[in-house]
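Computation of the quantities below employed the complete heavy-atom set of this structure, encompassing side-chain atoms and omitting hydrogens, waters and symmetry-equivalent molecules.
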Number of protein chains: 2
Amino acid sequence: MEKKIFIGFLKDKGQRFTKERAAILQKTLSYHGHFDPESLYLKIRETGLKASRASVYRTLNLLCECGLIDKVRKTEHGTIYEYTFGHKHHDHMLCIMCGNTIEFCSEDLERLHEGLCTKQNFRGVNHTFEIRGYCKKCQKKRR
Amino acid sequence: MEKKIFIGFLKDKGQRFTKERAAILQKTLSYHGHFDPESLYLKIRETGLKASRASVYRTLNLLCECGLIDKVRKTEHGTIYEYTFGHKHHDHMLCIMCGNTIEFCSEDLERLHEGLCTKQNFRGVNHTFEIRGYCKKCQKKRR
DNA sequence: AATGATACTGAGAATCAATCTCAATAAAAA
DNA sequence: TTTTTATTGAGATTGATTCTCAGTATCATT
Ligand SMILES: [Mn+2]
Ligand SMILES: [Mn+2]
Ligand SMILES: [Zn+2]
Ligand SMILES: [Zn+2]
């Protein structure tokens with residue numbers, strides 16, 4: 001399914017679905033949570049597949065363009081991605097102590113998005129909402 | 001006022017309020033909107049004041065630590081800051097066509113922040129909400 | 001004022017994610 | 001087959017940010 005979409009996307013741009021791109025797509029889909037380009041690159045090498053870092057970066061950009069994945073956040077250590085196609089949109093809470101992220105969906109937030117855009121004459125395409133603070137575990141540790 | 005706070009913050013850490021730090025604080029306060037370290041550095045040089053890039057980066061980190069400024073967002077061209085002390089918290093809409101940002105305050109959003117944290121047993125400290133899309137002007141240009 | 005301890009500065013080096021270069025290669029088109 | 005076009009990867013490059021460290025400034029104590 002995702003393969004079809006990616007191939008179609010590439011065809012429209014006059015580009016090709018190579019085995020490197022296939023490997024990168026496959027490993028991308030294998031992630032359930034967030035991931036970064038370097039660990040994707042290592043995962044590919046571990047499994048005997050082949051693709052250079054350059055191709056990983058290039059292909060992740062293509063996958064973003066065609067809407068299969070999204071950039072979650074830029075950190076001081078690089079960009080975090082997640083596979084989003086077919087997943088319900090969600091937002092994140094980020095623990096500033098342990099680094100864990102909690103994902104959540106909020107209908108209220110989606111409604112608020114619409115309302116705010118209407119009020120400002122803004123044509124909203126997407127949003128990110130990130131709450132930083134302390135997760136349950138770290139609240140205890142801290143005290 | 002801000003100077004007092006910064007000086008107090010530095011004193012508590014056993015650090016000093018030097019003329020370089022004074023220059024950086026002064027120019028930081030002179031920004032009404034968002035800014036980046038490089039243009040702050042250039043602004044300082046233009047006005048005959050002196051501070052190296054290293055000191056600019058170091059001092060911006062200190063100003064973040066003491067709560068006078070905040071990082072707004074990380075872009076592919078670096079970090080965007082804004083002077084937030086004494087300003088009501090706000091969030092942003094970002095035009096993906098012209099790059100303009102719209103600032104807005106939403107009580108509903110603040111309430112939602114609280115509600116979501118309660119539901120997830122998360123101790124929220126702060127949040128960022130960013131809506132990406134097309135501003136009024138760019139909607140017209142696009143069609 | 002002199003001494004010693006500590007913090008600060010800036011020039012340039014180092015770091016590191018991300019992109020670019022470009023010659024070799026593969027796939028598609030003619 | 002020949003020609004055209006897209007892709008690849010190794011290594012170079014870029015660019016923001018941080019680090020290094022020797023020289024300087026500031027503070028505290030005598
Ligand atoms: Mn997620
Ligand atoms: Mn702002
Ligand atoms: Zn935690
Ligand atoms: Zn615009």
Side-chain angles (χ1 to χ4, degrees), chain A residues 3 6-28 34-46 48-66 69-82, chain B residues 3 6-28 34-46 48-66 69-82:
Chain A
K3 197 192 262 192
F6 192 34
I7 291 175
F9 168 81
L10 289 171
K11 188 158 285 170
D12 288 350
K13 296 187 67 178
Q15 298 189 209
R16 297 162 189 169
F17 185 67
T18 64
K19 48 182 160 321
E20 288 81 2
R21 286 173 181 170
I24 293 164
L25 175 61
Q26 185 205 310
K27 293 306 175 196
T28 291
H34 297 181
F35 68 93
D36 63 278
E38 179 66 11
S39 52
L40 175 57
Y41 168 70
L42 294 175
K43 182 181 265 207
I44 286 171
R45 310 208 80 211
E46 277 167 20
L49 295 170
K50 279 219 219 76
S52 67
R53 279 192 182 81
S55 288
V56 167
Y57 280 103
R58 283 188 287 237
T59 304
L60 287 177
N61 282 335
L62 291 170
L63 290 171
C64 275
E65 256 188 77
C66 88
I69 67 174
D70 272 323
K71 297 185 180 182
V72 176
R73 156 181 10 112
K74 278 178 182 294
T75 77
E76 29 291 323
H77 313 299
T79 303
I80 308 290
Y81 292 86
E82 72 184 343
Chain B
K3 197 192 262 193
F6 192 35
I7 290 175
F9 167 82
L10 289 171
K11 188 158 286 173
D12 287 350
K13 296 187 68 178
Q15 298 189 210
R16 295 162 188 168
F17 185 67
T18 63
K19 48 182 159 319
E20 288 81 3
R21 286 174 180 169
I24 293 164
L25 175 61
Q26 185 206 310
K27 293 306 174 196
T28 291
H34 297 181
F35 67 93
D36 63 278
E38 179 66 12
S39 52
L40 175 58
Y41 168 71
L42 294 175
K43 182 180 265 209
I44 285 171
R45 309 207 82 209
E46 277 168 19
L49 295 170
K50 280 219 220 74
S52 66
R53 278 191 182 83
S55 288
V56 167
Y57 280 101
R58 282 189 286 236
T59 304
L60 288 178
N61 283 334
L62 290 170
L63 291 172
C64 276
E65 256 187 77
C66 88
I69 67 175
D70 272 323
K71 298 184 181 184
V72 176
R73 156 179 10 111
K74 278 178 180 295
T75 78
E76 30 291 324
H77 313 300
T79 303
I80 308 291
Y81 293 85
E82 72 184 344

Chemist: Using a 4.5 Å cut-off on heavy atoms from C-beta on, say whether the side chain of A:Thr28 contacts that of A:Leu63.
Modeler: yes
Chemist: So what does A:Asn61 hit on the nucleic acid, given a heavy-atom distance under 4.0 Å: a base, only sugar-phosphate, or nothing?
Modeler: sugar-phosphate
Chemist: From D:dA10, D:dT17, D:dC19, pick the nucleotide closest to the side chain of A:Ala54?
Modeler: D:dA10
Chemist: May I ask you to decide if the ring planes of B:Phe6 and B:Phe17 are parallel, tilted or perpendicular, using 30° and 60° as cut-offs?
Modeler: perpendicular
Chemist: Identify the two heavy atoms, one from A:Ala51 and one from A:Ile24, that lie closest to each other, and give their separation to 0.1 Å.
Modeler: CB-CD1, 4.0 Å
Chemist: In whole Å, what is the span from the CD1 atom of B:Ile24 to the P atom of C:dT9?
Modeler: 7 Å
Chemist: Phosphate oxygens OP1/OP2 of C:dA26: is one of them under 4.0 Å from a side-chain N or O of A:Arg16?
Modeler: no
Chemist: With a non-hydrogen cut-off below 4.0 angstrom, is A:Arg58 in contact with a base, only sugar-phosphate, or nothing?
Modeler: base
Chemist: Kindly calculate the angle separating the two end axes of the helix from C:dA1-D:dT30 to C:dA30-D:dT1, each obtained from five base pairs, and round it to 10 degrees.
Modeler: 20°
Chemist: Any side-chain N or O of B:Ser55 under 4.0 Å from OP1/OP2 of C:dC8?
Modeler: no
Chemist: Whole Å only: how far is the NZ atom of B:Lys74 from the C1' atom of D:dA16?
Modeler: 9 Å
Chemist: To the nearest Å, how far apart are A:Tyr57 OH and C:dT19 C1'?
Modeler: 10 Å
Chemist: Taking B:Thr59 for its side chain and B:Val56 for its backbone only, find out whether a donor-acceptor pair lies under 3.5 Å.
Modeler: no
Chemist: Inspect the contact between B:Lys71 and B:Glu82 and indicate whether a charged nitrogen and a carboxylate oxygen are less than 4.0 angstrom apart.
Modeler: no
Chemist: Could you tell me the separation between the OH atom of B:Tyr41 and the C1' atom of C:dA11, rounded to a whole number of Å?
Modeler: 10 Å
Chemist: If I take atom NE2 in residue B:His77 and atom P in nucleotide D:dA16, what distance separates them, rounded to the nearest angstrom?
Modeler: 9 Å
Chemist: To the nearest Å, how far apart are B:Lys13 NZ and C:dT6 P?
Modeler: 18 Å
Chemist: Starting at atom CZ of B:Arg53, determine the distance to atom P of C:dA14, rounded to an integer number of angstrom.
Modeler: 18 Å
Chemist: How many Å lie between CG on B:Leu10 and P on D:dA25, as a whole number?
Modeler: 20 Å
Chemist: Under 4.0 Å between a side-chain N or O of B:Thr79 and OP1 or OP2 of D:dT17?
Modeler: yes
Chemist: Applying salt bridge (charged side-chain N to carboxylate O under 4.0 Å, His left out), which residue pairs with at least one partner in residues 18-28 of chain B are found, sequence neighbours left out?
Modeler: none
Chemist: Would one find a side-chain N or O of B:Thr18 under 4.0 angstrom from OP1 or OP2 of C:dT9?
Modeler: yes
Chemist: Over all heavy atoms of both residues, which pair between A:Lys13 and A:Leu62 is shortest? Give the atoms and the distance, please.
Modeler: NZ-CD2, 4.0 Å
